[in-house]
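Here is the structure we will look at.
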Amino acid sequence: MAELTSLRAAVESLVRDGDSVAMEGFTHLIPFAAGHEVIRQRRKNLVLVRMTPDLIYDQMIGAGCARKLIFSWGGNPGVGSLHRLRDAVEHGWPHPLELEEHGHGDLSNAYVAGASNLPFAVSRDYAGSDLPHHSDAIRFIECPFTGERLAAVPSVRPDVAVIHAQKADRKGNVLLWGILGVQKEAVLAARRAIVTVEEIVDELEAWPNACILPHWIVSAVCRVPGGAHPSYAHGYYERDNLFYQAWDAISRDRESFLAWVKRHILETDGFEEFKRVLQEGVAKEVR
Amino acid sequence: MAELTSLRAAVESLVRDGDSVAMEGFTHLIPFAAGHEVIRQRRKNLVLVRMTPDLIYDQMIGAGCARKLIFSWGGNPGVGSLHRLRDAVEHGWPHPLELEEHGHGDLSNAYVAGASNLPFAVSRDYAGSDLPHHSDAIRFIECPFTGERLAAVPSVRPDVAVIHAQKADRKGNVLLWGILGVQKEAVLAARRAIVTVEEIVDELEAWPNACILPHWIVSAVCRVPGGAHPSYAHGYYERDNLFYQAWDAISRDRESFLAWVKRHILETDGFEEFKRVLQEGVAKEVR
Amino acid sequence: MNAQVPFTAAEMMTVAASRLLRNGDVCFVGIGLPSAAANLARLTHAPGVVLIYESGPIGAKPDVLPLSIGDGSLAETADTVVSTSEIFRYWLQGGRVTVGFLGAAQIDRFANINTTVIGDYAHPQVRLPGAGGAPEIAACAGKVILVLRQSARAFVERVDFITSVGHLDGGESRNRLGLPGQGPVAVVTDLCLMVPDAVTRELTVTHLHPGVGAENVRAATGWKLRFADAVKETPTPTDLELDTLRQLQRRTALAHGRAPEA
Amino acid sequence: MNAQVPFTAAEMMTVAASRLLRNGDVCFVGIGLPSAAANLARLTHAPGVVLIYESGPIGAKPDVLPLSIGDGSLAETADTVVSTSEIFRYWLQGGRVTVGFLGAAQIDRFANINTTVIGDYAHPQVRLPGAGGAPEIAACAGKVILVLRQSARAFVERVDFITSVGHLDGGESRNRLGLPGQGPVAVVTDLCLMVPDAVTRELTVTHLHPGVGAENVRAATGWKLRFADAVKETPTPTDLELDTLRQLQRRTALAHGRAPEA
């Protein structure tokens, strides 16, 4: 049953040290505010699951929240590397990061299997690829009817899924639209789910067959306007491409990264103050 | 690539004797006009696939079109038996009908696997059920990660899928809404697809993430207003519950069934004339 | 307040079944009697019950009872409508359904369900409609409630065909199958309420409906039926239950030109 | 009419790649160079090409090039947007994609693709972003077209890691894997066009871009590169191609505050 609550309270009660956490959103609706709150509350030893780790996990990995990453593409889209992810993998800073890697199709299938309460998913991937040689999470099985050899992947069943959406109503029913990624599957595959939303409305006014997450599959709904920044929320605001570019310099060395996290996340008391500090920084640069 | 054509031409060129044919629609949007056209063109030896055979397959089975039925629930919803289906199974009239039966979850999974170009689907069904003992289409496999025993079903890959939808645009892009059943999966699982629609419009005016079948996965789009009668088309017309009830008497014995098929289907030149004859019959009864 | 007006056995059955649903339940609803009982619960003591139909509606709140499992009224009143394959995979098998509400053509002393054939499978006396969604509901719903009219033809020592498993051969036999759901927890008929024995899993009468004697139930059962040590009487329908049910059926008859079953 | 104005090697590469798409193609588009080439094709000779992006848009017709694979412009201009899991299962693996258009960090003489690591997997010199959707595209798209800048660092004898399989060890080795797609049919670089030999499946230069000599290509390749018996010159970009590409990139720079790659 969805509780309408603050993001701070939701993360306090629902994200625990050592949890597996899936924060999803494919370019669109990435739950950055929630990622910051996890850093702010200094969660540790998380197993992070996400198809496209993106800046949100670069920040969490650099801040020392993660012990393992399950992913399929870890870059800064259209810009280059995720420097904190690379530093963790290449140099073990701030500590070593275990990787479990997949292809997008495979990992999205693993969420589908999780949502379906199946232990594994099947696909036509990976014959000829080296990925199965370096992963215990890719195996091959035979079709019991045709004898064909197919790839299998274990389902993803996170302790917590965290997503951002456009709207919720006062009961906690959630509506999202545009690029949907695997958010619905992540929520259904997870034991607990936090949803941050742009706004809470009296009526969702959804169209037929809309992507709706009923309140009774969500643990907490938190109103966090702008909570997907610097990604975007279809119908609300655009992607901040300049921030994605700026992140390359901020994250490239450890000191500038740590200074940024300290000023923007650890020393702010929430996403509203984060936005104010960020705005001040931009204003300073312009001056 | 979708061709905008008549239903007669579509069935002539796309449905062949001996084909496996999936005509889908879960209570809603059942492609009755297309079913009639298959009878009218006297197709033979079809393997009929459908979760809920309903009156549409009762008519086709009674008319002698089918040699095999793959299904999960074969009744007249809210009324009782499908008498023509039962007569074929219990007495081999007009000729014996081979059955392959599943549960709904399992058969819908088989369509999903077909749409995904996988040879089989996996589920948590059937432990303890007698269905696997009477079917070669249900087997058990082991999860390669957990060792759990799971049910497997071969995918459904029909030669032709036939569905009814609300709208198409002039390119042949199709929009449907309301109860969607497994229509999208059936079309994607099939080699060829016929879609009858209530209307053809300049612009679909679809909402975000609407259920759309792009023109390039559809073989033929045919404008057949009312083509789902006696089932219903959300936003267009209601279910004709009285016809479903009337069917019980019409189909109960072979003679009245044959007379009905002759007068309403074989002696009419298409769905427009069918509707006229049906209307005359109703008018006569009222008098 | 309990009803002073007479009520039928069918009404008692629907009311008794509806009482087994709780406000927080997510109920996968079969058509016919289960649908009437589930909607009665929603309109009386369990306004927050979530009704899921196998055709795709989630959170349906129909004003009249659907005649078929995919009526437009279900889609129009639902919180959302998803594909049938999604309903079965994400919502039922996914473990989101707390109660499956089913009917049956035939059940046996371990609440196994037959909706496939009477007689031999290859040469049936009667070909029934088949499985529908019942095998998956029986396997995956948190628990299962069965509702059907009681007769010696329907309540048999051993079903001719197990379409959807109940407690199989009793005892630990269902547990050994490793199914996610716990199986049938109650069978509600027009005569009584039965629950599986905690150990043997054999159906045991715990409540007789008002005016029904043990001998009536025995006569309508094809095996030597067990009764609980202290069999109670089912509380009669309240005015609210009876009024709500009758209004629901009146609206339904008006909308469909006839009343559905129950 | 071919362009009289000068053009860059990057422009030639994008134009040459765009020409490989046909009007009826359904193209699964990687971000960056492939996206520029696919959209150029759509805006010139192949208006009916269907562009699918892994984030979910089907039939995207972006007015500006997306910076990331899930830009809002893709959703807004698409015929429909489905979930990412559906894109991979129903549309790519389902066999609906005729061409996969990919980039790569490293490829080898059999067009195997590495986007995982440079060096040893456990102790990489460089940790690359990883697979993305490429393994599935390489396996399931009807055919694959690769587009990337040519250098001896990127074109290596044998990739350090096969993320996404091309023609494996050449000859019949890919066929033996039983994958649905036929694999890479062309590699387009800023210097030339290569196709796999019909028998050995080794990449073979068939076209040199204007002003490029065989020695330039050899110097930018980490193995002893094969050339076709009659190597042709790639036709220079037409005015239409060049104008369209430059306008597309101008619009993109204006919209995003900077130009994306290519």
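Just so you know, these numbers use all the heavy atoms, side chains as well, and skip hydrogens, waters and symmetry mates. Residue numbering restarts at 1 for every chain, and letters A, B, ... go by the order of the sequence lines.
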A:Ala137, part contacting chain B, at a heavy-atom distance under 4.5 Å: backbone

Heavy-atom side-chain proximity of B:Cys143 to A:Ile141 below 4.5 angstrom: no

Qualifying ring pair (Phe, Tyr, Trp, His ring centres under 6.0 Å) pairs, either residue in residues 124-154 of chain A, two or more places apart: A:His134-D:Tyr121, A:His134-D:Phe161

Contact residues of residues 181-190 of chain A (partner chain B; heavy-atom separation under 4.5 angstrom): none

Contact listing (chain B partner; residues 218-239 of chain A; heavy atom under 4.5 Å): none

Shortest non-hydrogen contact between A:Pro208 and B:Gly178, atoms and distance: CB-N, 4.5 Å

Structural part of A:Ser116 lying under 4.5 Å from a heavy atom of chain B: neither

Donor-acceptor under 3.5 Å (B:Asn209 side chain, A:Leu180 main chain): no

Shortest non-hydrogen contact between A:Arg139 and B:Pro144, atoms and distance: NH1-O, 2.7 Å

Heavy-atom donor-acceptor pair, A:Arg124 side chain to B:Leu118 backbone, under 3.5 Å: no

Partner residues of A:Glu98 under the salt bridge (charged side-chain N to carboxylate O under 4.0 Å, His left out) criterion, sequence neighbours left out: A:Arg67, A:Lys68

B:Asp136 versus chain A, the contacting section by heavy-atom distance below 4.5 Å: backbone

Side chain to side chain, A:Thr146 and B:Phe120, heavy atoms closer than 4.5 Å: no

